[in-house]
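One structure is given here, and the rest of the page talks about it.
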Amino acid sequence: MQKRREGLPELPNLNGRKPVLRFAPNPNGPLSFGHSRGLVINGEYAKNLGGELILRFDDTDTTVKPPMLEAYESIPVQQEWLCGFPAHRIVIASERMEQYHQYAKKMIDGGFGYVCTCSAEAFKEHRVNMTECPCRDNNVETNLNRWMKMNDPEGYQPGDAVLRVKTDMTLKNPALRDWPAARIQTNAHPRVGNRWRVWPLLDFQSAVEDYLQGVTHIIRGKDLMDSTRKQTLLYSHFGWQYPETIYWGRVKVHEFGAFSTSQMKKDIESGKFSDWDDPRLPTLSALSRRGIRPEALRAFWIELGLTQKDIAVPLSTLYSHNTKAIDINAPRLAFVRNAFPIYLEGDFPKEGLIQSHSDTEMPPRQFSIDQGVWIEEEDSGKPLRLKDLCDIDENGRVESIDRSDKRSVVHWVAGGEPSILTIASGQDLVTVEGIFESNSYPVGTIVQLERIGYAIIEKNGLLMVHD
RNA sequence: GCUUGCGUGGUGUAGUGGCCCAUCAUUUCGGGUUUUCAUCCCGGCGACCCGGGUUCGAAUCCCGGCGCGAGCACCA
């Protein structure tokens with residue numbers, strides 16, 4: 001028999017070091033399911049190898065993806081919820097601007113960076129045709145002057161100039177040709193206001209910060225492969241060694257469809273969704289609210305591993321991991337949908353105890369019947385076995401206390417409370433009215449509704465977890 | 001168009017030249033336990049994109065084809 005590898009593959013090129021990993025979301029909204037992969041994979045390596053996990057806020061865009069202040073609070077909370085430990089370091093890019101400016105200047109001083117005043121369209125021509133733009137030949141002094149003009153409110157305006165890394169306009173890969181490192185933005189940043197005018201772009205900011213933080217391994221989506229190549233060119237200009245880099249492929253979850261942070265934000269504002277934890281959304285707060293446990297998310301991502309294949313996974317895979325996490329602690333309770341009353345005639349136990357979970361020592365639940373019980377309308381009209389109680393005919397006449405034949409076993413509620421079960425079904429929120437067995441479990445308890453599935457107790461009813 | 005990456009059962013995944021007529025999980029089907037259509041247990045079905053080549057031997061190496069994805073933003 002072959003040996004089967006368990007868990008994540010070994011981290012390459014560790015050479016006895018403690019790894020330093022990072023996860024760098026844009027705080028333009030709360031974390032989503034998609035983010036959880038980066039958090040889980042990087043977090044697991046850091047935890048298992050005694051290394052460090054850096055949580056970095058890449059908040060250098062105030063225009064296209066303006067930062068959301070609440071996200072700086074919620075992201076670390078969700079990171080800890082998901083990983084099971086707090087990040088070892090938190091870095092906020094907007095508070096590290098001095099460093100980035102310092103390295104931008106070093107780049108100009110070193111002659112491998114220049115300020116380019118070509119329009120985006122004009123530069124695109126140069127990129128496509130492998131020709132050098134006129135700005136490329138300017139000397140260091142000119143570039144330093146132009147750099148000052150970029151930083152001067154009286155100087156260049158947004159769109160007038162960018163800082164570029166001098167690579168080679170004849171590089172085979174067009175994405176790498178003299179790529180932009182910084183641009184002018186005049187929108188106020190919610191954290192640092194208008195203190196800065198020139199803001200680094202991802203490839204520059206991230207590259208410099210990884211160096212400053214001593215990041216040893218970068219694990220990220222393969223859509224960032226060209227980012228690695230760009231950054232490697234910058235590193236060699238500075239004489240630095242680029243971290244070991246590992247990629248994963250694209251993941252599609254059909255049930256989630258295509259959500260973007262900015263689209264969700266709009267839909268919440270318009271009232272299409274109640275909030276970021278609306279059960280239909282793929283945010284971590286929604287998943288948490290829906291009773292998806294962090295250990296299930298971790299097992300899910302670890303099982304997918306680090307292949308570069310683009311994959312489509314059904315949510316049932318995540319649910320199966322979640323069932324393993326929640327079943328042992330989920331007390332069994334009855335919820336009767338579309339309740340239908342049955343008056344019992346004959347002799348039967350009026351009070352008694354029923355197991356809450358056959359595999360555990362969980363305290364049993366107690367029932368007390370006055371004159372009848374509720375059953376689901378769909379079950380009515382035929383002889384039934386009331387689970388743990390008695391056999392009845394279609395009119396409620398008690399036929400046997402012990403189970404006498406193979407008739408269907410159904411759940412029932414005596415007394416109980418009217419309640420509502422909410423089910424997130426794609427873009428719809430389905431609600432089912434019913435009678436919920438009386439109990440004293442607190443809000444947040446995940447229970448198993450017999451013959452229905454797992455649900456989590458909320459303040460105003462039940463929310464379906466999954467089957 | 002240029003660049004770059006991927007292609008193992010329905011869905012994921014293990015496998016880096018012989019231990020592979022291919023692993024494990026999930027889905028599905030059948031059975032068992034169970035007074036839940038749940039949990040748990042057992043079993044079945046089911047795969048190396050195609051074509052060449054290298055080799056005694058290829059899922060694994062090489063070439064070509066086909067298919068799918070991503071980058072080429074003054075977003076991250």
Side-chain angles (χ1 to χ4, degrees), chain A residues 1-6 9 24-28 57-66 93 116 118-120 123-124 127-128 130 150 156 158-164 171-177 179-185 198-199 201-203 205-206 220-230 247 249-252 254 261-262 299-300 302-314 316-321 323-324 326-328 330 332-334 354-355 357-360 385-391 402-403 406-411 448-454 467:
Chain A
M1 284 295 274
Q2 65 176 286
K3 286 175 212 159
R4 181 180 160 77
R5 204 201 71 230
E6 290 289 336
N26 184 327
N28 63 334
F57 293 96
D58 279 352
D59 58 345
T60 56
D61 179 4
T62 61
T63 313
V64 183
K65 296 178 177 173
C116 174
C118 298
S119 67
F123 194 85
K124 187 175 181 181
R127 182 170 47 237
V128 170
M130 298 195 188
M150 281 181 79
Y156 293 128
D160 288 352
V162 294
L163 176 67
R164 291 188 180 280
L171 250 22
K172 287 178 74 176
N173 187 340
L176 312 185
R177 296 170 195 160
W179 52 271
R183 78 323 203 169
I184 303 166
Q185 288 184 125
V198 178
W199 289 82
L201 287 151
L202 168 84
D203 287 311
Q205 177 270 128
S206 176
R220 58 183 171 194
K222 67 175 183 177
D223 53 309
L224 264 12
M225 274 183 167
D226 281 346
S227 229
T228 298
R229 299 182 182 105
K230 287 188 219 176
Y247 307 95
R250 206 175 172 71
V251 175
K252 266 185 201 162
H254 184 259
T261 300
S262 44
F300 174 83
I302 290 168
E303 184 173 61
L304 295 197
L306 286 168
T307 65
Q308 291 185 28
K309 277 171 74 172
D310 299 315
I311 56 175
V313 275
S316 59
T317 303
L318 174 62
Y319 292 162
S320 116
H321 284 293
T323 295
K324 287 179 175 65
I326 63 177
D327 182 76
I328 194 72
R332 274 51 176 159
L333 287 171
I354 300 178
Q355 279 189 318
H357 194 306
S358 55
D359 300 334
T360 72
R385 171 71 192 175
L386 298 181
K387 188 173 181 292
D388 297 309
L389 187 65
C390 61
D391 285 357
D402 293 322
R403 193 172 183 191
K406 298 258 181 184
R407 68 184 74 184
S408 323
V409 179
V410 303
H411 63 293
Q448 196 222 42
L449 305 179
E450 291 185 331
R451 296 175 66 221
I452 298 174
Y454 300 95
D467 292 341

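Below, each value reflects all heavy atoms present in this structure, side chains not excepted, and no hydrogens, waters or symmetry copies. Protein chains get the first letters and strands the later ones, always in sequence-line order, with residue 1 at the start of each.
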Look through every strand shown and name the nucleotide pairing with [N] as Watson-Crick or G-U wobble, where both distances are under 3.5 Å.
{"N": "B/rC2", "value": "B/rG71"}
{"N": "B/rA76", "value": "none"}
{"N": "B/rU13", "value": "none"}
{"N": "B/rC61", "value": "B/rG53"}

Within the side chain of [X], is there an N or O that forms a donor-acceptor pair under 3.5 Å with the backbone of [Y]?
{"X": "A/Q448", "Y": "A/H357", "answer": "no"}
{"X": "A/R229", "Y": "A/L224", "answer": "no"}
{"X": "A/E450", "Y": "A/H411", "answer": "no"}
{"X": "A/K65", "Y": "A/N28", "answer": "no"}

With a 4.0 Å limit, can you tell me whether [X] has a side-chain N or O closer than that to the phosphate oxygens OP1/OP2 of [N]?
{"X": "A/K252", "N": "B/rU11", "value": "no"}
{"X": "A/T323", "N": "B/rA38", "value": "no"}
{"X": "A/R250", "N": "B/rG69", "value": "no"}
{"X": "A/K222", "N": "B/rC6", "value": "no"}
{"X": "A/R229", "N": "B/rU4", "value": "no"}
{"X": "A/K324", "N": "B/rA25", "value": "no"}
{"X": "A/S119", "N": "B/rC74", "value": "no"}
{"X": "A/R332", "N": "B/rU34", "value": "no"}

What's the closest nucleotide to the [X] side chain, out of [options]?
{"X": "A/S316", "options": "B/rC74, B/rG5, B/rU27", "result": "B/rU27"}
{"X": "A/N26", "options": "B/rU27, B/rA76, B/rU39", "result": "B/rA76"}
{"X": "A/M225", "options": "B/rA38, B/rG5, B/rA70", "result": "B/rG5"}
{"X": "A/D223", "options": "B/rU3, B/rA38, B/rA70", "result": "B/rA70"}
{"X": "A/S320", "options": "B/rU26, B/rG5, B/rC6", "result": "B/rU26"}
{"X": "A/A120", "options": "B/rC74, B/rG71, B/rU26", "result": "B/rC74"}
{"X": "A/N173", "options": "B/rU36, B/rG71, B/rU13", "result": "B/rG71"}
{"X": "A/V64", "options": "B/rG12, B/rU3, B/rC75", "result": "B/rC75"}
{"X": "A/E450", "options": "B/rA76, B/rA38, B/rU36", "result": "B/rU36"}

Would you say the side chain of A/F300 lies within less than 4.5 Å of the side chain of A/V313, judging by non-hydrogen atoms?
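A/V313 reaches A/F300 side chain to side chain.
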Do A/Q205 and A/D58 make a side-chain contact, defined as non-hydrogen atoms from C-beta onward lying under 4.5 Å apart?
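They are in side-chain contact.
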Expressed as a whole number of Å, how far does the [atom1] atom of [N] sit from that of [M]?
{"N": "B/rA47", "M": "B/rG10", "atom1": "P", "answer": "7 Å"}
{"N": "B/rU23", "M": "B/rG15", "atom1": "C1'", "answer": "8 Å"}
{"N": "B/rC48", "M": "B/rC20", "atom1": "C1'", "answer": "10 Å"}
{"N": "B/rC21", "M": "B/rU26", "atom1": "P", "answer": "25 Å"}
{"N": "B/rU13", "M": "B/rC74", "atom1": "C1'", "answer": "42 Å"}
{"N": "B/rC66", "M": "B/rU54", "atom1": "C1'", "answer": "23 Å"}
{"N": "B/rC45", "M": "B/rC40", "atom1": "C1'", "answer": "23 Å"}
{"N": "B/rA76", "M": "B/rG18", "atom1": "C1'", "answer": "47 Å"}

When the nearest nucleotide of RNA chain B is assigned to A/G159 and to A/P9 on a heavy-atom basis, which residue is associated with the more 5' position?
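Result: A/P9.
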Please tell me which of A/R164 and A/P314 maps to the more 5' nucleotide of RNA chain B, matching each residue to the nucleotide holding its nearest heavy atom.
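The residue mapped nearer the 5' terminus is A/P314.
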Looking across every strand, which nucleic acid part, if any, lies under 4.0 Å from [X] by heavy atom: base, sugar-phosphate, or nothing?
{"X": "A/A312", "result": "sugar-phosphate"}
{"X": "A/C390", "result": "nothing"}
{"X": "A/D327", "result": "sugar-phosphate"}
{"X": "A/T307", "result": "sugar-phosphate"}
{"X": "A/Y247", "result": "nothing"}
{"X": "A/D58", "result": "sugar-phosphate"}
{"X": "A/L202", "result": "base"}
{"X": "A/G249", "result": "nothing"}
{"X": "A/L201", "result": "sugar-phosphate"}
{"X": "A/K65", "result": "base"}

Heavy-atom closest pair, residues A/D310 and A/R250:
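Between these two residues, the closest heavy atoms are OD1-N, 2.9 Å.
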Could you give the [atom1]-to-[atom2] distance, from [X] to [N], as a whole number of Å?
{"X": "A/R385", "N": "B/rU34", "atom1": "CZ", "atom2": "C1'", "answer": "13 Å"}
{"X": "A/I302", "N": "B/rA14", "atom1": "CD1", "atom2": "C1'", "answer": "16 Å"}
{"X": "A/K387", "N": "B/rU34", "atom1": "NZ", "atom2": "C1'", "answer": "9 Å"}
{"X": "A/L171", "N": "B/rU3", "atom1": "CG", "atom2": "P", "answer": "12 Å"}

Any side-chain donor paired with an acceptor under 3.5 Å for A/R332 and A/S358?
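Not at all, the side chains of A/R332 and A/S358 share no donor-acceptor pair under 3.5 Å.
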Distance-only side-chain donor-acceptor flag, A/D61 / A/N26, under 3.5 Å
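Looking only at side-chain atoms, A/N26 and A/D61 do not form any donor-acceptor pair under 3.5 Å.
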Is it the case that the base of B/rU26 and the side chain of A/E303 share a donor-acceptor contact (distance under 3.5 Å, atom types as modelled)?
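No, the side chain and the base share no sub-3.5 Å donor-acceptor pair.
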